[in-house]
Amino acid sequence: MTATQPPLSERGAAVERHWQELAAKRRMYTGLGAVILFLAVTGSLWFANETNAGKFFDRLPYFFDFVGELVPRDGWEIWRALFDLPSPYDDGSLKYNYPEGRFYITESLYIPEYFHKMLETVNIALLSTVIAMIFGYALAFLAAKNTMASAWIRWPVRRFMEILRAFPEVVIAGFFLAILSLGPIPAIIAVTVHTIGALGKMFFEVIENADMRPDEGLRAVGANWFERVWFAITPQVMPNFMSYFLLRLEINVRASTIIGAVGGGGIGEALRLSIGQGHEAKTLAIILLLLSTVIAVDQFSAWLRRKLVGEQAFQSVT
């Protein structure tokens, strides 16, 4: 036996027609979007082929050749390069001079070269993020509508932060590298400048969503602006501030690596040199160290975020 559906009422029939219209419109937009995406991808590939003098598609079959060239003659070479251990294939060339990169603390105790370079990269990211958080914290309260009523102050502060984050870190680093020469100082300045603009925007958006009742209470008892900001708003927004700080720290570790490749010091410079010179074991050792560091920073940030925000913020709502 088949169940029969009762006839729809006039209102139900109108709802059904409206749903059918929305479904048809959604299918039309989905199809239109797929066509636009196909045309965009096709046009991009055509442009890439034309700008490469027609060699883009010709070179596609050799796409994975570079990966094959990275395979070292001995799997243990990766670990020897990572920990600066002597290689049995040492022929006096730079390809196997692993022990020469050791950073000696004492006569017998040393830090492997790539660990030292990675530590330099993490230091660049950490110092830049801490400095940027201090300045971003100060600027955010001047940019938020609920803490700064004067548009004459709020508007220039917001535009200033937009200018700071308008350019990628590598572009800012290139400018300061031309002025200050090679090294970590231009990298720190570049990452700090961009991060101030990025954190400042995220911070003032958090501030604008804060509960203003504590601020009204302090205002009623005669508290000044600084006291209201410190005692009424900061305790509410600090967990989110720390969450964004940790997020930017993860991002800045990767940004510092990229800047290092253009002369900003750290592990990025070593990676660029090893790739350019065709040193397979060194390249894979650096990639392994980079991957491990990013995972470690991500896990540490997640653990610290839970401690700061509280475990209850990560529990599912039942």
Side-chain angles (χ1 to χ4, degrees), residues 78-79 82-83 111-112 114-141 143-144 161 164-165 168-170 173 184 187-188 190-211 230 233-261 264-268 270-271 284-318:
I78 300 174
W79 304 103
L82 187 60
F83 294 101
I111 300 175
Y114 296 145
F115 283 87
H116 181 255
K117 293 288 187 180
M118 192 71 243
L119 184 61
E120 183 179 345
T121 296
V122 173
N123 283 338
I124 291 172
L126 181 59
L127 179 60
S128 302
T129 311
V130 170
I131 297 173
M133 183 177 182
I134 296 172
F135 283 95
Y137 172 88
L139 293 173
F141 288 99
M161 290 191 293
L164 293 183
R165 66 175 181 272
E169 296 95 332
V170 68
I188 293 173
V191 177
T192 300
V193 168
H194 183 85
T195 307
I196 290 174
L199 283 181
K201 175 179 173 57
M202 292 187 287
F203 284 177
F204 85 71
E205 290 177 350
V206 172
I207 294 170
E208 290 183 339
N209 291 319
D211 184 2
W230 185 251
I233 307 299
T234 298
Q236 297 183 60
V237 300
M238 188 52 67
N240 284 329
F241 280 15
M242 292 305 301
S243 181
Y244 283 132
F245 167 81
L246 295 172
L247 173 64
R248 285 303 310 187
L249 177 60
E250 298 172 24
I251 296 172
N252 288 344
V253 170
R254 292 182 282 270
S256 300
T257 302
I258 296 172
I259 293 175
I267 197 68
L271 178 61
L284 291 177
I286 295 173
I287 292 174
L288 178 62
L289 183 59
L290 274 171
L291 180 61
S292 302
T293 303
V294 170
I295 293 174
V297 171
D298 178 72
Q299 294 300 313
F300 174 75
S301 298
W303 172 81
L304 188 57
R305 190 178 296 114
R306 286 178 176 271
K307 294 298 182 182
L308 294 172
V309 178
E311 291 289 341
Q312 68 278 1
F314 298 90
Q315 295 176 355
S316 60
V317 180
T318 56

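- Scanning all heavy atoms of the two residues, the minimum distance from A190 to A173 falls at CB-N, 3.4 Å.
- In this structure, the separation between CD1 on I131 and CG on L127 is 4.0 Å, given to the nearest 0.5 Å.
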Stepwise, does the side-chain contact (heavy atoms from CB on, under 4.5 Å) test hold for L288 with Y114? CA-CA 11 Å; L288 178 62; Y114 296 145; over 6 Å; no
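- M161 approaches A143 most closely through the heavy-atom pair CE-CB, 3.7 Å.
- Judged by distance alone, with hydrogens and angles left aside, the side-chain atoms of S243 form no donor-acceptor pair with the main-chain N or O of P239 at under 3.5 Å.
- Note that CG of L247 and CG of N240 are 12.0 Å apart. Values are rounded to the nearest 0.5 Å.
- The distance from atom OG1 of T192 to atom CD1 of I124, rounded to the nearest 0.5 Å, is 10.0 Å.
- Nearest approach of M238 to M133, heavy atoms of both residues: SD-CE, 4.3 Å.
- In this structure, CG on L249 lies 10.5 Å from CG on D298, to the nearest 0.5 angstrom.
- Listed by chain and residue number, Y137 satisfy the side-chain hydrogen bond (donor to acceptor under 3.5 Å, both in side chains) test with T234 (two or more places apart in sequence, or in another chain).
- Of all heavy-atom pairs spanning I188 and S128, the tightest one is O-OG, 3.3 Å.
- Between the side chain of T121 and the backbone N or O of G266, no donor-acceptor pair lies under 3.5 Å.
- For the atom pair I267 CD1 and I286 CD1, the distance stands at 4.5 Å (nearest 0.5 Å).
- When side chains are defined from C-beta on, I207 counts as touching F241, because their heavy atoms get closer than 4.5 Å.
- With N123 contributing its side chain and L119 its backbone, the two residues share a donor-acceptor pair below 3.5 Å.
- By the side-chain hydrogen bond (donor to acceptor under 3.5 Å, both in side chains) test, T129 pairs with N252, sequence neighbours left out.
- Residues passing the side-chain hydrogen bond (donor to acceptor under 3.5 Å, both in side chains) test with Q236: none are found, sequence neighbours excluded.
- Under a cut-off of 6.0 angstrom, the local environment of CZ in F115 is crowded, with over 12 non-hydrogen atoms contributed by other residues, nucleotides or ligands.
- Within the structure, the salt bridge (charged side-chain N to carboxylate O under 4.0 Å, His left out) test picks out the following pairs touching residues 242-253 (sequence neighbours left out): E169-R248, E250-R305.
- Considering every non-hydrogen atom in both F203 and A140, the closest pair reads CB-CB, 3.4 Å.
- Of the possible donor and acceptor atoms, none in the side chain of T257 sits under 3.5 Å from a partner among the backbone N and O of G268.
- For E120, the salt bridge (Lys or Arg N to Asp or Glu O under 4.0 Å) test picks out no residue, with sequence neighbours left out.
- For Y244, there are no side-chain hydrogen bond (donor to acceptor under 3.5 Å, both in side chains) partners two or more places apart in sequence or in a different chain.
- Distance check: I287 CD1 to I78 CD1 gives 9.5 Å after rounding to the nearest 0.5 Å.
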